Amino acid sequence: MRQAAIPRQKRTFKRRSAEKTNPLAYLFLLPAFAMLAFFMIWPALQTFYISMTNWDGISPKKFVGLQNYIHLFTDEPMFLQAIKNTLLWVVGGATIPVGLGLVFANFLVRGNIRFTKWFQMGFFFPQIISSVIAAVIWKWIYDPSFGPLSAILDQLGIGRPVAGWLGNPDLVMYALFVIFVWGSFGYTTMLFTAALQGVDTQLYDAANIDGCGAWGQFRHVSIPGLRQTITTVVILMTIGSFSVFDIVMATTKGGPGYSSYVISYYVYTQGFIVNRLGFAAAASIVLTLFVLLVSRTIIWIRERDQ
Amino acid sequence: MSKAKAALLFGSLSVMLVSVVGCGSNASNAGDSAGASSGASSGSGKITLTVTSSMTDEARVNIMNETIKIFNQTHPNVTIQYSPNPWSEYAQSLKLAFNSGSGQDIVYVDDTMQQMLQKNNYLMDITEDVKSRGWIDKEVDGAIDFQNARTPGKYYSVPYATAPVVVYYNKDIFSKLNLTAPKTMDEFNAILAKVKEAGYVPMENGGMSNNSKMWSVFHMLYNQAPMDDIKKFYFQQGITPEFEKAFVAALNQVNDWQKSGYYRKEDASIDGAAVPTYYAKGQSAMVLGGNWDIPTYEGTNVPTGAFAFPQQDANSQTHPIVNATDGGWALNAKLSDEKKQAALDFIDTFMNPDVVKLWYEGGSTPTIKADMSGAQASDLKKEVDQAIQGTQMGFFLDNAVPGLFDIINKQLQMMFFQKNTPEQAWEEIKKEYDKLSAAAQGQ
């Protein structure tokens, strides 16, 4: 019997079909799927149900339909402020740490510098600290009287805001964002470093021969070579930015006023401080939809470009 | 299917089966032990009572352990399992515990937690026991009623301490400027101005949580609004025009203090927990704090005294201050008769003069009538007790509805940066109060 008689596409299709109907594969996937269903899918469905009630966490649930969702967008100026702050955070979080990571990774891999491993370790160090501890440390750094930042600026004769950073509504988001970038750029650097090492060095040689300088090589070789990784990192940082909570909780608690209110903190406040769990569940569903929408958009843009 | 695949399949199925059966047997074992716990081992005479509170600091945990030892001297067959939870998560831990059917036997609740549990029938009505055990007479007048103010005539919990807020002051600064503790708001304002002029910080606050400002507002409300109107607000029965007027006046006063520079310039960025550190610099004249802050301010090595927040004027007949019952011991509604008696005996231990003395010497302000003249207390503790003599109890008004503290704090923060006026701040507080009241009442 000659295999060549069966077209290649058909052979591949037949093999893939065989894999899809292989019961053994599904049996091995079953435990993982059971865990996923028990710890993620079922709680998500419960959250959706709770979002349609006015539950306070202890009394019997009363079904209210979509009332919570309607109130969120019509009667909750705090939520709208939280959306605005979160979107600002996402825009910054999806660009600045990514950009910094790209630049640092390029220096580490292509920069011909010594002790690159030590630099990598140093950049990654903030990642190993709990974000809550990091936020508490930064809160002390920002302290207007006892913090080292104030002392350094005073020594250098550089002016600083009298009311401090974390208590100033015009500066608080930037101050918190510094903490976020400090904690995350090491992660993006690590990812890009690994990916950059997979880019064919002959491309750089060819670019060099063609007269491309360092900037040209970065722009025309590194970035295109890292396109997939960049998209993945942007998606990860976007999701991370949407769900930022610990930094706000450990420092400003959404203040001063509502200047640093983010959606996650709003959900926490409504659910666990104000005891409006149904309302908080509705806000968390809205947050999830935002994340899905934005992530899907980024992936669509990437696939379209491909 | 090859033998290797078959073996793998059998192995994975066996693992899944064992884990399911194991979980099931663990769950049934937990159910059995929970059942044994709530049903008590009446046959053997040994009883275990689970107790929880939000008192997690080492000092009060130690005093609690001493209290349990004293209880066990007369009840050797009763084991107390005491496990406190931090205040920040205490309400949630109670909700989870009672919702899941594993609520503790004895819980320490403030009145909002008591309301939350009682309206869902998780707490036992102990009105008859309170009366028959003579606890009303053992407590200072009105303490038990105050703790159970949301259920007039019915008692669900019994307090043993109050939490007064007083004004701590720097004795050195007061001495240098020839100042004495003010009795009226005019005297208080004069002191603030004089201290500011002398180059000191008149008042510490901690703008990230604004406790001092908030308590100042509450004290001024007690000075200016009728107590009935305050009670209406506190019990979610609405806001009267008099109350509204007094609240706006209080916010305006705090705003004037702010504009006059009576708080630090960088106050907005100072955390409430850092206030004692700033006070310890010795440049601050006054700070509002609770009796739970006594050890902290003693530890600053700044000579510190205390006085009650002043009245509006010297002719005031009453002088309520922020001084609510700290909490009360309540019983799980599902306790068996045997466990209930043991739990009531445990609460009775807190009325024992030796136990009252323990807590008094640890810094608490007891609601139990007892002679503390022989007790060892620090000078500051004695000054705090002296300061609140002749005052009446008043609520922590941010406890009126869950979440109100955050609302008031945020509005005070916005006032600091003039992002709103006191009138606008009040409108926002009122709007949120109405919303939160409706939510608290299940509407």
Side-chain angles (χ1 to χ4, degrees), chain A residues 22-24 27-31 34 54-60 62 64 71 75-78 136 139-140 142-147 150 160-172 175 249-259 261 269-279, chain B residues 1 5-6 8-9 12-13 15-16 19-20 88-89 91-92 94-96 98-99 112 116-117 119-120 122 207-210 264-271 274 277-278 281 401-407 409-417 419-420 428 431-432 435-436 438-440 442-443:
Chain A
N22 184 351
L24 190 62
L27 272 170
F28 276 104
L29 283 173
L30 192 59
N54 68 349
W55 196 41
D56 63 359
I58 192 164
S59 307
K62 183 179 153 197
V64 295
H71 280 166
D75 200 29
E76 287 289 318
M78 278 186 260
V136 170
K139 193 173 171 183
W140 170 73
Y142 282 132
D143 187 286
S145 286
F146 299 108
S150 301
R160 58 182 177 89
V162 169
W165 288 273
L166 294 180
N168 188 324
D170 297 325
L171 296 177
V172 63
M249 178 67 177
T251 54
T252 60
K253 296 195 174 29
Y258 299 99
S259 312
Y261 235 56
T269 312
Q270 292 297 315
F272 300 114
I273 307 291
V274 181
N275 294 332
R276 293 167 85 192
L277 272 156
F279 206 72
Chain B
M1 189 191 289
K5 279 187 186 174
L8 269 170
L9 174 61
S12 63
L13 282 173
V15 166
M16 278 171 58
S19 59
V20 166
S88 56
E89 53 197 65
Q92 290 309 315
L94 285 181
K95 273 202 272 186
L96 276 169
F98 279 88
N99 227 354
T112 45
M116 171 185 78
L117 295 174
K119 75 178 184 183
N120 289 288
Y122 286 124
M208 291 181 86
S209 50
N210 278 315
R264 285 181 186 272
K265 290 193 295 289
E266 62 268 35
D267 181 60
S269 293
I270 297 174
D271 189 25
T277 309
Y278 280 83
K281 286 167 115 180
V401 284
L404 191 60
F405 173 89
D406 194 50
I407 305 294
N409 180 28
K410 298 272 186 284
Q411 294 305 319
L412 286 170
Q413 287 172 341
M414 288 165 73
M415 270 170 52
F416 182 97
F417 286 98
K419 299 272 183 189
N420 63 5
E428 284 302 312
K431 200 168 79 171
E432 291 300 318
K435 207 188 299 181
L436 298 176
Q443 292 163 18

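For clarity, every value in this text was computed on a predicted model and none was experimentally measured. Chain A is the first sequence line, chain B the second, and so forth, proteins listed ahead of strands; every chain is numbered from 1.
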Return the minimal non-hydrogen interatomic distance between B/Ser269 and A/Leu166, and the atom names on each side.
-> OG-N, 3.8 Å
Closest heavy-atom contact between B/Lys119 and A/Ser59?
-> CE-OG, 4.0 Å
Go through the atoms of A/Ser259 and report whether side chain, backbone, both or neither lie under 4.5 Å from a heavy atom of chain B.
-> neither
Check: B/Glu266 side chain, A/Ser145 main-chain N or O, donor-acceptor pair, under 3.5 Å | no
Heavy-atom distance under 4.5 Å between the side chains of A/Met78 and B/Lys410, does that happen here?
-> no
Okay, A/Trp55 and chain B: the region with an atom under 4.5 Å from a heavy atom over there is side chain
Between A/Gly255, A/Pro169, A/Gly254, A/Gly278, which has the largest tally of heavy atom pairs under 4.5 Å with chain B?
-> A/Pro169
Measure the shortest side-chain to side-chain distance between B/Gln92 and A/Asn275 over non-hydrogen atoms and say whether it is less than 4.5 angstrom.
-> yes
Below 4.5 Å from any heavy atom of chain A, which atoms of B/Thr277 appear? Answer side chain, backbone, both or neither.
-> both
For chain B, find which of A/Pro60, A/Gly164, A/Pro77 contributes the most heavy-atom pairs closer than 4.5 angstrom.
-> A/Gly164
So which part of B/Met116 gets closer than 4.5 Å to some heavy atom of chain A, the side chain, the backbone, both or neither?
-> both
Under a 4.5 Å heavy-atom cut-off, does chain B meet the side chain of A/Asp75, its backbone, both or neither?
-> both
Among A/Phe146, A/Tyr142, A/Trp165, which residue forms the greatest number of heavy-atom pairs with chain B at distances under 4.5 Å?
-> A/Phe146
Count the heavy atoms belonging to other residues, nucleotides or ligands that lie under 6.0 Å from NZ of B/Lys281, then report whether that count exceeds 12.
-> yes
Under-4.0 Å salt bridge between A/Lys253 and B/Asp271 | no
Could you state the interatomic distance from CD1 (A/Ile58) to CG (B/Leu96), rounded to the nearest 0.5 Å?
-> 9.0 Å
With the threshold set at 4.0 Å, does a side-chain nitrogen-carboxylate oxygen contact exist between B/Lys435 and A/Glu76?
-> yes
With a 4.5 angstrom heavy-atom cut-off, could you sort out which part of B/Glu432 is near chain A: side chain, backbone, both or neither?
-> side chain
B/Asp406 CG to A/Tyr261 OH distance, which is reported to the nearest 0.5 Å | 4.5 Å
Does A/Thr252 reach the side chain of B/Gln413, with side-chain heavy atoms less than 4.5 Å apart?
-> no
Pairwise distance CD1(A/Ile273) to CG(B/Leu436) - rounded to 0.5 angstrom = 11.5 Å
Any A/Tyr258 side-chain heavy atom under 4.5 Å of B/Lys419 side chain = no
Where do A/Asp143 and B/Tyr278 come nearest, in terms of heavy atoms and distance?
-> OD1-OH, 2.6 Å
With B/Phe98, which residues qualify under ring-ring contact (aromatic ring centres under 6.0 Å, His included), at least two apart?
-> B/Tyr122
